[in-house]
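Every chain is numbered from 1, with letters handed out A, B, ... down the list of sequences. Side chains are part of it too, since the values below use all heavy atoms of this structure and drop only hydrogens, waters and symmetry mates.
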Amino acid sequence: MTMKTMQTPSSFNLFSAKDGLVSDDTKAKSRNKRLVLGCGALVYELVELIKHNPVVDQAVDLHCLPAHLHNTPQLIGPEVDKFLSEHAHRYSEVLVAYGDCGSAGELDRVIAKYQASRLPGAHCYEFFSGADVFQSMMNEELGSFFLTDFLVSFFDRLVVQGLGLDRYPELKEVYFKHYKKLVYLAQKDDPELQTLASQHAAFLGLDYEYKFVGFDELKPVTFGLDSEHKLGSIEVQHVST
Amino acid sequence: MSDQEDDFELSDLDDKELVEQIQDDLYDGLNDEVFEGVEILLERKWDANDILGDALVGGMKIVGEDFRDGILFVPEVLKCAGAMKQGMGLLRPILANSAIDISLGKFVIGTVKGDIHDIGKNLVGMMLEGAGFEVIDLGINNPVENYLEAIDEHKPVVMGMSALLTTTMPYMGVVIEELDKRGMRNDFHVMVGGAPLNQEFADAIGADAYGRDAARSAEMASEHARSVQAS
């Protein structure tokens, strides 16, 4: 079984984003398009990368699975499989905008089945920050709990409710007793999110650290599309953004 | 699990009903009720091993199955484990002083170096204890030396390693290699587990078994220990 990481693709188009779920079957007609199937927790960055580039916008269809799968990694592989079984055949290329995400290799098995690719790394924390930077952060402090923009924004739903802390506040100690600090890996420089993140750190009883990492590491989803590019019968022109 | 809302006294239930009620209360994560139920069974002169097996481990098996089937999620399982811990707290000293040794042997368990995650490991430890193992818990972030020391001191029948990170799980292979180098690899069973692992990984690093969840891990370890005892 081989698993590719995202590298050189083809052409595209994308759609609208709503509540972490983006889809548009009407645009999924061309076999010359690229399908990007992403985690709902990456939807803002994926939309930003794709929507802000008309070339990419024409060549990609984007669909995001619900972000709450983040908390049930065993369901990610089956959900991706289900979606790809219905849609992958309509695309010349499929890129899965997930890391392994705790799926225990199940996602890679699904990806291989559809000859698709995924983002490199284990988690979004890793590919947002880059593998080397992430590893050095882990070496520096094992007990780091990472949040991204999305997780900061939806902390209550994905962390507090997702871990059952709203129902069982006593579990906070069980989950976080070995953590020392909350590291906010920011995709955009947003003071409001920084304030929120520091409040989340206080809620969890952790030290707070801010680190701007951007989302350049997501750019593989647009590889081959932001310059003059030919795919089958479709010619994609470079459009500056 | 139970939709029953009516108040009733646990002590009014007969033994069979009470065991079922303890399992229900354990499933619902009701610490005090589980504690009280175990206390009543002890007052009725139940053997501590039977209480452990029938009421607590029996209850946790249902929890494990429902977790595997996606009916229960981590927070609920942790609440169940907390309730089991309450019952175990009552039984542990009695079991330790029991004249009948039904121990399956020692199980050394720990999260590997570089990893601080221990929720899964703790659940496995609890199920192992319930199954009859004496659990030697090394905690988190264990270098190979910790495992070696514990093996030397405790002579376990099984050693278990846990990891939650893809970056730390390869360390399990490092430990197994070290055991191999020292000629200790076949002295005991090596089990591995943790969210990012799978059977292929366990095979690749030369582990004897992969425990996909706490209940299954305890079952597999018990089967192995019994086969060792029988041989």
Participant: Could you check whether atom NZ of B/Lys113 has more than 12 heavy atoms from other residues, nucleotides or ligands sitting under 6.0 Å from it?
Facilitator: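 No, the 6.0 Å shell around NZ holds no more than 12 heavy atoms from other groups.
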
Participant: Is there a side-chain contact between A/Leu163 and B/Val74, using heavy atoms and a 4.5 Å cut-off?
Facilitator: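 Not in contact.
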
Participant: Under 6.0 Å from the CG atom of A/Asn139, do we count more than 12 heavy atoms belonging to anything else shown?
Facilitator: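 More than 12 within 6.0 Å, yes.
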
Participant: With a 4.5 angstrom heavy-atom cut-off, is it the side chain or the backbone of A/Tyr179 that approaches chain B, or both, or neither?
Facilitator: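 Both parts, heavy atoms under 4.5 Å.
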
Participant: Could you look at B/Leu165 and say if it's the side chain, the backbone, both or neither that has a heavy atom under 4.5 Å from chain A?
Facilitator: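 Contact with chain A is through the side chain of B/Leu165 alone.
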
Participant: What distance do B/Ile116 atom CD1 and A/Phe176 atom CZ have between them, rounded to the nearest 0.5 Å?
Facilitator: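 So the gap between those two atoms works out to 10.0 Å.
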
Participant: Could you list the residues that satisfy side chain to side chain donor-acceptor pair (under 3.5 Å) with B/Asp203, not counting sequence neighbours?
Facilitator: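 Result, side chain to side chain donor-acceptor pair (under 3.5 Å) vs B/Asp203: B/Gln199.
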
Participant: Can you tell me how far NE2 of A/His178 sits from NE2 of B/His117, rounded to the nearest 0.5 angstrom?
Facilitator: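 Rounded to the nearest 0.5 Å, the NE2-NE2 separation comes out at 9.5 Å.
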
Participant: What part of B/Phe73 is in contact with chain A, defined as an atom under 4.5 angstrom from a non-hydrogen atom: side chain, backbone, both or neither?
Facilitator: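 Answer is side chain: those atoms of B/Phe73 sit under 4.5 Å from chain A.
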
Participant: Which atoms of A/Gln135 are under 4.5 Å from chain B, going by heavy atoms: the side chain, the backbone, both sets, or neither?
Facilitator: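 Only the side chain of A/Gln135 comes within 4.5 Å of chain B.
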
Participant: If you measure from CE on A/Met138 to CG on B/Asp115, what distance do you get to the nearest 0.5 Å?
Facilitator: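 Interatomic distance, A/Met138 CE to B/Asp115 CG, rounded to 0.5 Å: 7.0 Å.
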
Participant: Just wondering, do B/Asp118 and A/Lys177 contact through their side chains at under 4.5 Å, heavy atoms?
Facilitator: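 Answer yes - side chains close enough.
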
Participant: For A/Lys181, look at atom NZ and say whether over 12 heavy atoms of other residues, nucleotides or ligands are found less than 6.0 Å away.
Facilitator: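 Above 12, so yes.
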
Participant: Quick check: under 4.5 Å, non-hydrogen atoms only, which of residues 206-221 of chain B neighbour chain A?
Facilitator: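 Near chain A, by residue number: none.
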
Participant: Among A/Asp166, A/Leu171, A/Asn71, A/Leu165, which residue meets the side-chain contact (heavy atoms from CB on, under 4.5 Å) test with B/Pro75?
Facilitator: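 Of the listed residues A/Asp166, A/Leu171, A/Asn71, A/Leu165, the side-chain contact (heavy atoms from CB on, under 4.5 Å) partner of B/Pro75 is A/Leu171.
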
Participant: Considering only heavy atoms from C-beta outward, does the side chain of B/Lys79 approach that of A/Glu170 to under 4.5 Å?
Facilitator: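 A side-chain contact exists here, since the closest heavy-atom pair is under 4.5 Å.
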
Participant: Measuring from B/Leu78:CG to A/Tyr175:OH, what's the distance to the nearest 0.5 Å?
Facilitator: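 B/Leu78 atom CG to A/Tyr175 atom OH measures 5.0 Å (nearest 0.5 Å).
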
Participant: Is A/Leu142 close to chain B through its backbone or its side chain, or both, or neither, when contacts mean heavy atoms under 4.5 Å?
Facilitator: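 Interface part for A/Leu142: both.
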
Participant: Take a 6.0 Å sphere around NZ of B/Lys61 and say whether it holds more than 12 heavy atoms from other residues, nucleotides or ligands.
Facilitator: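 12 or below, so no.
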
